[in-house]
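Input: a single structure, listed below in structure tokens.
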Amino acid sequence: VDNNNITSISNIALELITFSLDNNITNNLIVSTSNFGADISSSSSNNLFIENEIMSDSNTAVSITGVYNNSFQQNLFLSNDSAAIDINSGSAGNLFLSNNFTGDEFGIFLQESSNNLFKDCIQISGSTSVYNNFGTSSNITFVNCSYAFENIQDAGSELTRKWYYMALS
């Protein structure tokens with residue numbers, strides 16, 4: 001799916017469900033006024049999302065549930081109501097590179113996910129930038145990503161933060 005404007009006024013604008021494999025979603029404007037902008041679920045894997053604007057006016061911009069080994073690069077995830085992205089229920093091994101996560105309530109909402117990497121973030125913002133609730137999220141790594149506030153509800157959750165360091169000689 002390349003170079004499209006996809007808009008829904010009554011449902012989810014884009015769905016990848018039940019073993020959606022090896023798709024390239026590039027340079028699209030994906031908007032829902034009444035539900036998720038995009039819903040990626042049920043063992044969807046090896047999908048590549050590059051330079052998309054995915055938005056929702058009344059829900060989470062992107063919901064990923066039980067997906068693995070997907071790559072999200074240089075995207076804008078924008079929610080005017082909830083989370084920019086909700087990563088949950090066993091989603092693992094996903095790469096988020098140079099993305100903007102802007103949500104009204106949450107930038108990134110984590111639930112029972114693991115081994116996901118966020119790198120070189122453009123922005124992570126919301127009333128709470130990063131929020132983890134409803135179960136343990138482990139090995140969630142942020143490299144060169146700054147944000148204002150996090151709220152980790154599950155004591156067993158593991159978030160790692162790293163930054164680049166350039167030594168001057």
Side-chain angles (χ1 to χ4, degrees), residues 1-17 20 22-41 44-88 91-111 113 116-132 137 140-151 159 161-164:
V1 179
D2 297 323
N3 301 309
N4 292 289
N5 290 332
I6 303 168
T7 303
S8 174
I9 58 171
S10 64
N11 211 331
I12 299 167
L14 175 70
E15 286 186 282
L16 294 180
I17 58 174
S20 291
D22 303 314
N23 294 292
N24 291 327
I25 313 296
T26 307
N27 199 27
N28 297 286
L29 176 61
I30 301 167
V31 179
S32 176
T33 59
S34 66
N35 208 320
F36 302 132
D39 182 22
I40 305 142
S41 61
S44 295
S45 66
N46 301 317
N47 296 297
L48 181 60
F49 293 79
I50 299 176
E51 295 180 350
N52 297 288
E53 294 181 24
I54 305 176
M55 300 178 234
S56 176
D57 283 335
S58 64
N59 207 320
T60 297
V62 176
S63 174
I64 66 173
T65 305
V67 303
Y68 51 93
N69 298 332
N70 294 287
S71 181
F72 299 84
Q73 301 174 20
Q74 300 174 329
N75 297 286
L76 167 64
F77 303 113
L78 174 64
S79 172
N80 293 318
D81 180 65
S82 184
I85 192 164
D86 182 347
I87 304 166
N88 60 70
S91 294
N94 297 292
L95 170 65
F96 299 90
L97 180 64
S98 300
N99 294 290
N100 179 330
F101 304 95
T102 302
D104 181 59
E105 196 171 357
F106 309 108
I108 299 170
F109 190 96
L110 301 165
Q111 305 177 64
S113 60
N116 293 300
L117 173 62
F118 295 84
K119 187 173 180 184
D120 298 332
C121 302
I122 304 301
Q123 178 173 314
I124 303 173
S125 65
S127 297
T128 302
S129 305
V130 177
Y131 185 76
N132 173 232
S137 291
I140 306 297
T141 303
F142 293 88
V143 178
N144 199 32
C145 295
S146 296
Y147 52 87
F149 182 70
E150 68 181 35
N151 187 344
L159 274 67
R161 293 151 215 86
K162 301 177 181 180
W163 283 268
Y164 300 125

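Checked against side-chain contact (heavy atoms from CB on, under 4.5 Å), I12 has the following partners two or more places apart in sequence or in another chain: E15, N35, F36, D39. For T7, the side-chain contact (heavy atoms from CB on, under 4.5 Å) criterion is met by V31, not counting sequence neighbours. Considering only residues two or more places apart in sequence or on other chains, A13 meets the side-chain contact (heavy atoms from CB on, under 4.5 Å) condition with I6, S8, I30, S32. The side-chain hydrogen bond (donor to acceptor under 3.5 Å, both in side chains) test applied to N151 returns Q153, not counting sequence neighbours. Residues that satisfy the ring-ring contact (aromatic ring centres under 6.0 Å, His included) test with F77, not counting sequence neighbours, are F101. Every residue two or more places apart in sequence or in another chain that forms a salt bridge (charged side-chain N to carboxylate O under 4.0 Å, His left out) with E150 is listed here: R161. Partners of S41 under the side-chain hydrogen bond (donor to acceptor under 3.5 Å, both in side chains) rule, at least two apart in sequence or in another chain, do not exist in this structure. Under the rule for a ring-ring contact (aromatic ring centres under 6.0 Å, His included), the partners of F96 that lie at least two apart in sequence or sit in another chain are F72, F118. Residues passing the side-chain hydrogen bond (donor to acceptor under 3.5 Å, both in side chains) test with N144 are D120, sequence neighbours excluded. Take Y131 and apply the ring-ring contact (aromatic ring centres under 6.0 Å, His included) test, not counting sequence neighbours, and it matches F106, F109. Considering only residues two or more places apart in sequence or on other chains, S127 meets the side-chain contact (heavy atoms from CB on, under 4.5 Å) condition with none of them. Checked against side-chain hydrogen bond (donor to acceptor under 3.5 Å, both in side chains), N3 has the following partners two or more places apart in sequence or in another chain: N27.
Contact record, S20 with N47: O-ND2, 3.0 Å, taken as the closest heavy-atom pair. Here the closest non-hydrogen pair linking A61 and L78 is CB-O, 3.3 Å. Shortest non-hydrogen contact noted between S129 and I124 is O-CG2, 3.5 Å. Here the shortest heavy-atom pairing between G37 and S56 reads N-CB, 3.9 Å.
Here the side chain of N52 pairs a donor or acceptor atom with the backbone of N28 at under 3.5 angstrom. Under the 3.5 Å distance criterion, the side-chain polar atoms of N94 are matched with a main-chain donor or acceptor of N70. In this structure, the side chain of S71 does not engage the main chain of L48 through any donor-acceptor pair within 3.5 Å. Using a distance-only test at 3.5 Å, with no hydrogens or angles considered, no donor-acceptor pair links the side chain of T60 to the main chain of V62. Not one N or O on the side chain of T102 forms a donor-acceptor pair closer than 3.5 Å with the backbone of S125.
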**Study point:** Verdict with reasoning, V1 to N23, per side chain to side chain contact (heavy atoms under 4.5 Å, CB included)
**Key:** CA-CA 8 Å; V1 179; N23 294 292; over 6 Å; no

Exercise for review: Verify side chain to side chain contact (heavy atoms under 4.5 Å, CB included) between Q111 and D86, making sure each step is shown before the conclusion.
Suggested key: CA-CA 8 Å; Q111 305 177 64; D86 182 347; 3.2 Å; yes

Review point. What do the steps show when you test V130 against L110 for side chain to side chain contact (heavy atoms under 4.5 Å, CB included), and what is the final call?
Key: CA-CA 8 Å; V130 177; L110 301 165; 4.1 Å; yes

Practice item. List the steps, then state whether side chain to side chain contact (heavy atoms under 4.5 Å, CB included) holds for T65 with N88. Key: CA-CA 5 Å; T65 305; N88 60 70; 3.0 Å; yes

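Atom OG1 of T141 is separated from atom CG of L95 by 11.0 Å, given to the nearest 0.5 angstrom. Atom CG of N132 and atom CD1 of I87 lie 10.5 Å apart (nearest 0.5 Å). Taken from OG in S91 to CG in N69, the straight-line distance is 11.0 Å, to the nearest 0.5 Å. Taken from CZ in F49 to CG in L16, the straight-line distance is 4.5 Å, to the nearest 0.5 Å. Between the OG atom of S113 and the CD1 atom of I140 there is a distance of 4.0 Å, given to the nearest 0.5 Å. Expressed to the nearest 0.5 Å, how far CD1 of I108 lies from OG1 of T128 amounts to 12.0 Å.
Atom CD1 of I9 has 12 or fewer neighbouring heavy atoms from other residues, nucleotides or ligands inside a 6.0 Å radius.
Counting heavy atoms from C-beta on, the side chains of M55 and L29 come closer than 4.5 Å.
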